[in-house]
A.B. asks: 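Here it is, the structure in full.
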Amino acid sequence: MVPAVNPPTTSHHVAVIGAGAAGLVAARELRREGHSVVVFEHGNQIGGVWAYTPNVELDPLSIDPTRPVIHSSLYSSLQTIIPRECMGFTDFPFSTRLENGSRDPRRHPGHSEVLAYLRDFAREFKIEEMIPFETEVVRVEQAGENPKKWRVKSRNFGDISDEIYDAVVVCNGHYTEPRHALIPGIDTWPGKQIHSHNYRVPEQVKDQIETVREDGSVVFKNGKTVYADTIMHCTGYKYYFPFLDTKGEVTVEDNRVGPLYKHVFPPALSPGLSFIGLPWQVIPFPMFELQSKWVAAVLTGRVSLPSLEEMMEDTKMFYSMLEASCIPKRYTHLMAELDSQFVYDNWLADQCDYPRIEKWREQMFYKVFKRIQSQSSTYKDDWDDDHLIAEAYEYFVKFPSNYPSSLIEREYTS
Ligand code: FAD
């Protein structure tokens, strides 16, 4: 059912935490709805996870809670898993740009092309003027004197700021804080261990391997013999909000952030607190965009949320359904069923009276998913959906600000 859409009412002063893809699009949507926005960014540039760094943390397993944290988990040779045409925001195509050969034209480009795209987006929508960089949010809580307001404490090097906002939108990403599997005996295992968060290049695990034996053991240059030289822990990441104090209204239990209505609003604290970007195994950017549109419209009052009781009931029913299907809590935000993300996206779009996800985008995602399963080593170079690429570029022509001018000329002159 499409909810009642009310006329615009209120604009708010909103804090967004993080200037990755989620924070950038949240800032744009909030400002479009008339809110005033500050985007707090811990790092010195936009892009979040896409701001690749060769640096890794000193603790290769990232266990020490006091360690200096490196945000990005990308490795040097990473190419996008999702084809660029369906990966971008819905109205700012992630199309191929040539620009003096400085851009990566591949369909599954490397990470620097994604960062360049996000920079184009930030420039086009003048997002950087809303961002204090190198400013870490260290505490978020309801303002004691007025629980409808939010106190945000942030740190810029030695300077601490303490400000009051009407709403806080959390966009801090969830691929930084490693999860660790409990493996008996791991503490005394003699080899090297590293979490994938700290993997960048193959050289990190090169030149240690002396001889291998028929019994499966490996003799190292340092004389040790083990049955493997390195354990790479690819055990995923944790949702982690060290700055957030909700007095127990929002918890993270076995990687379920809850209770959250539709993965975004904690019913008891809505609409003042919201989360963008929690679902995974999805096409993230368009979903962030739709979640952001919803949050922005709910904050103005243009779109209404159900009552607290209805939101709690909906959330409980969702959790009961997961339990009945034997789905562990840690998969609460996983949208693994192929069409579940699009059902969700379209629900969000309906809330905001925005067009639903384009059919070509859905089909392209299904296609790449199938290619990954059937041709895992070649799926980035060998595809059979040129007709969907053509459809995507027909759609992109509506958005000339990020559509290659050479193609526009070709469209208009042919
Ligand atoms: P992030 O990009 O992590 O940004 C969060 C930002 O918040 C960061 O800039 C951080 O510095 C800031 N921040 C955090 N805490 C604070 C604080 N307390 N105060 C101030 N600032 C703070 N997605 C795709 O679409 N296609 C792909 O091919 C793809 N491949 C991926 C491969 C890997 C290895 C990984 C890890 C992810 C991949 N993703 C991919 C998913 C990717 O995470 C999303 O595309 C997206 O970039 C996430 O954006 P985000 O804004 O939610 O989080």
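Indexing begins at 1, ligand by ligand and atom by atom, following the structure's order. None of the values given here were measured: they were computed from a predicted structure.
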A.B. asks: Is the shortest distance from a Lys or Arg side-chain nitrogen in Asp91 or Arg32 to a carboxylate oxygen in the other one below 4.0 Å?
C.D. replies: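 Salt bridge flag = yes for Arg32 with Asp91.
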
A.B. asks: List for me each residue that meets side-chain contact (heavy atoms from CB on, under 4.5 Å) alongside Glu309, sequence neighbours excluded, and say none if there are none.
C.D. replies: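 Residues passing side-chain contact (heavy atoms from CB on, under 4.5 Å) with Glu309: Ser307.
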
A.B. asks: If only side-chain N and O atoms count, and only distance matters, is there a donor-acceptor pair under 3.5 Å linking Asn198 with Ser62?
C.D. replies: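 Judged by distance alone, the side chains do pair up.
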
A.B. asks: Kindly confirm or rule out a cation-pi arrangement of Arg256 over Tyr319, judged by NZ or CZ under 6.0 Å from the six-membered ring centre and within 45° of its axis?
C.D. replies: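 Judged by the rule, Arg256 and Tyr319 form a cation-pi pair.
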
A.B. asks: Taking side-chain contact (heavy atoms from CB on, under 4.5 Å) as the definition, give me every residue that meets it alongside Glu362, ordered by chain and number, with sequence neighbours left out.
C.D. replies: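 Expected list: Phe342, Asn346, Ile357, Lys359, Tyr366.
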
A.B. asks: Are there any protein N or O atoms under 3.5 Å from the N or O atoms of ligand 1? List them with distances, or say none.
C.D. replies:
unit_1   : atom_1 : unit_2 : atom_2 : d
ligand 1 : 2 (O)  : Val49  : N      : 2.8
ligand 1 : 3 (O)  : His71  : NE2    : 2.6
ligand 1 : 9 (O)  : Glu41  : OE1    : 2.6
ligand 1 : 9 (O)  : Glu41  : OE2    : 3.1
ligand 1 : 11 (O) : Glu41  : OE2    : 2.6
ligand 1 : 18 (N) : Val137 : O      : 3.0
ligand 1 : 19 (N) : Val137 : N      : 2.9
ligand 1 : 21 (N) : His42  : N      : 3.0
ligand 1 : 28 (O) : Ile81  : N      : 2.7
ligand 1 : 45 (O) : Trp50  : NE1    : 3.4
ligand 1 : 47 (O) : Trp50  : NE1    : 2.8
ligand 1 : 51 (O) : Ala21  : N      : 3.2
ligand 1 : 51 (O) : Ala22  : N      : 2.9

A.B. asks: Kindly write out the residues that satisfy side-chain hydrogen bond (donor to acceptor under 3.5 Å, both in side chains) with Tyr52, not counting sequence neighbours, or none if the list is empty.
C.D. replies: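 Testing Tyr52 for side-chain hydrogen bond (donor to acceptor under 3.5 Å, both in side chains), a comparison that skips the adjacent residues, returns none.
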
